[in-house]
> 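Quick one: this structure, given as structure tokens, is what I'll be asking you about.
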Amino acid sequence: MLPFKLVYGDGYFLPIGSHVFPAEKYRLIKERLLATKVAEPSDILAPKSASDDDIRLAHTEDYVRKLTTGTLSAADEALLELPYSKQLVDAFWLAAGGSILAAECALRDGVAFNIGGGFHHAYPGHGEGFCMIHDVAVAIRRMQKDKKIQRAMTVDCDVHHGNGTAAIFPPSGKAANKLPSALPGSAVTSEPNDSVFTISLHQQNNYPAIKPPSSIDVNLPDGTTDDQYLSWLDNALSSGLRRFTPDLICYVAGADPYREDQLGGLALTIEGLKARDTLVFKVAKARGIPVMVTYAGGYARKVEDTVTIHSNTVVAAKEVFAR
């Protein structure tokens with residue numbers, strides 16, 4: 001039995017047809033965790049869909065109406081890069097409910113996973129980049145509304161910049177201070193807002209073209225390796241936690257920094273990605289900060305590699321939090 005809970009629903013499957021996004025990965029991750037006995041069926045909780053009111057905590061009334069009534073424009077759908085359907089809306093609402101439940105479990109147990117979610121490109125008033133709504137932002141705002149937390153930190157380790165996260169939780173200022181490092185690349189910090197501190201480690205020369213400022217943006221060059229990435233991550237976490245004390249960390253554990261990813265250009269290995277996860281969990285545990293994990297992107301040429309990377313995140317948490 002795991003010392004924490006995994007949240008998963010069969011309804012996470014995205015009905016998008018032939019697509020670079022591996023819609024079946026959530027089911028495959030759950031099956032891998034059970035088959036390898038990393039997890040037991042009793043470790044897995046089924047989510048309930050978020051309510052429309054929950055979604056409106058992070059998104060505009062007009063956008064929620066468009067989604068629920070099927071009135072997206074052609075431009076809206078093109079920006080989303082997914083074929084609209086009511087079934088797709090249901091899947092995203094369920095993923096948001098999963099992140100709400102995972103956040104609640106993390107506050108109780110120290111860590112919890114939504115085997116899904118991490119849709120960090122969604123803005124308040126539109127979807128982008130395979131992300132219809134921002135489940136992590138919905139979960140944070142729901143936890144704040146329920147007075148379960150006051151302050152949250154997002155740690156986004158997807159290969160793509162967390163532009164939606166930055167737009168929903170904009171820093172209060174634009175103080176352009178660079179984190180000290182001898183490594184290639186750059187990191188710019190901005191004054192955070194009072195309630196959410198955002199960290200994004202991403203490949204600079206990649207989607208999205210426009211990257212609104214996070215509290216800390218680490219702009220990684222093409223071909224960044226395991227050791228370089230881990231140094232930057234450690235640097236960003238140390239700097240962020242010196243400046244901000246969150247009640248909850250929302251860790252967006254993308255699999256796409258992998259060197260074999262079709263939509264990424266970094267050079268991390270499967271082992272390096274697990275070391276990344278371990279670092280996040282050790283830092284959080286040492287400071288007594290609960291962690292809610294979501295999975296975000298992963299587009300490896302072999303879907304089995306994406307499943308391994310995401311499954312290893314659970315293994316890393318088990319190794320850190322079982323001690």
> Do Ser238 and Asn235 get their side chains close enough for a donor-acceptor pair, meaning under 3.5 Å?
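The answer is no; no qualifying pair exists.
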
> Centroid separation under 6.0 Å, is that true for the rings of Phe13 and Tyr26?
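No, ring centres 6.0 Å or more apart.
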
> Count the heavy atoms belonging to other residues, nucleotides or ligands that lie under 6.0 Å from CD of Glu31, then report whether that count exceeds 12.
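Check passes, neighbour count above 12.
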
> So, are Glu260 and Lys302 salt-bridged, with charged N and O less than 4.0 Å apart?
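Here Glu260 does not pair with Lys302 in a salt bridge, since their nearest N and O are not under 4.0 Å apart.
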
> Are Arg151 and Phe244 in a cation-pi contact, defined as NZ or CZ under 6.0 Å from the six-membered ring centre and within 45° of the axis?
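Positive - Arg151 is close enough to the ring of Phe244 and near enough to its axis.
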
> Would a single hydrophobic cluster contain both Tyr123 and Tyr84, if residues Ile, Leu, Val, Met, Phe, Trp and Tyr are joined by side-chain heavy-atom contacts under 4.5 Å?
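Tyr84 does not cluster with Tyr123.
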
> At what distance, to the nearest 0.5 angstrom, does CD1 of Ile29 lie from OH of Tyr295?
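Taking CD1 in Ile29 and OH in Tyr295, the distance rounds to 5.5 Å.
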
> Under 3.5 Å, is there a donor-acceptor pair between the Asp156 and Ser200 side chains?
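Short answer, no.
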
> So, Tyr251 and Asp277: side-chain donor and acceptor under 3.5 Å apart, yes or no?
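Yes, Asp277 and Tyr251 have a side-chain donor paired with an acceptor closer than 3.5 Å.
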
> Do Thr225 and Gln228 have side-chain atoms, one donor and one acceptor, less than 3.5 Å apart?
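Yes, side-chain donor-acceptor contact under 3.5 Å.
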
> Nearest 0.5 Å please: distance from the CG atom of Asn163 over to the NE2 atom of His134.
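Rounded to the nearest 0.5 Å, the CG-NE2 separation comes to 8.5 Å.
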
> Salt-bridged, Glu304 to Lys25, with N to O below 4.0 Å?
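Here Glu304 does not pair with Lys25 in a salt bridge, since their nearest N and O are not under 4.0 Å apart.
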
> Kindly compute the distance separating CD1 (Ile149) from CZ (Arg142), expressed to the nearest 0.5 Å.
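One gets 12.0 Å once the value is rounded to the nearest 0.5 Å.
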
> May I ask you to decide whether Lys66 forms a salt bridge with Asp76, counting only side-chain N to carboxylate O separations under 4.0 Å?
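Asp76 and Lys66: salt-bridged.
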
> Would you call the rings of His161 and His202 parallel, tilted or perpendicular, where under 30° means parallel and over 60° means perpendicular?
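It falls in the perpendicular class, over 60°.
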
> Any idea how Phe119 and Phe21 line up, ring-wise: parallel (<30°), tilted (30 to 60°), or perpendicular (>60°)?
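The arrangement is tilted - the two ring planes meet at 30° to 60°.
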
> Would you call the rings of Tyr63 and His59 parallel, tilted or perpendicular, taking 30° and 60° as the class edges?
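It falls in the tilted class, 30° to 60°.
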
> Ring pair (Phe, Tyr, Trp, His ring centres under 6.0 Å) with Phe130: which of His120, His19, His121?
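When His120, His19, His121 are each tested with Phe130, the ring pair (Phe, Tyr, Trp, His ring centres under 6.0 Å) holds only for His19.
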
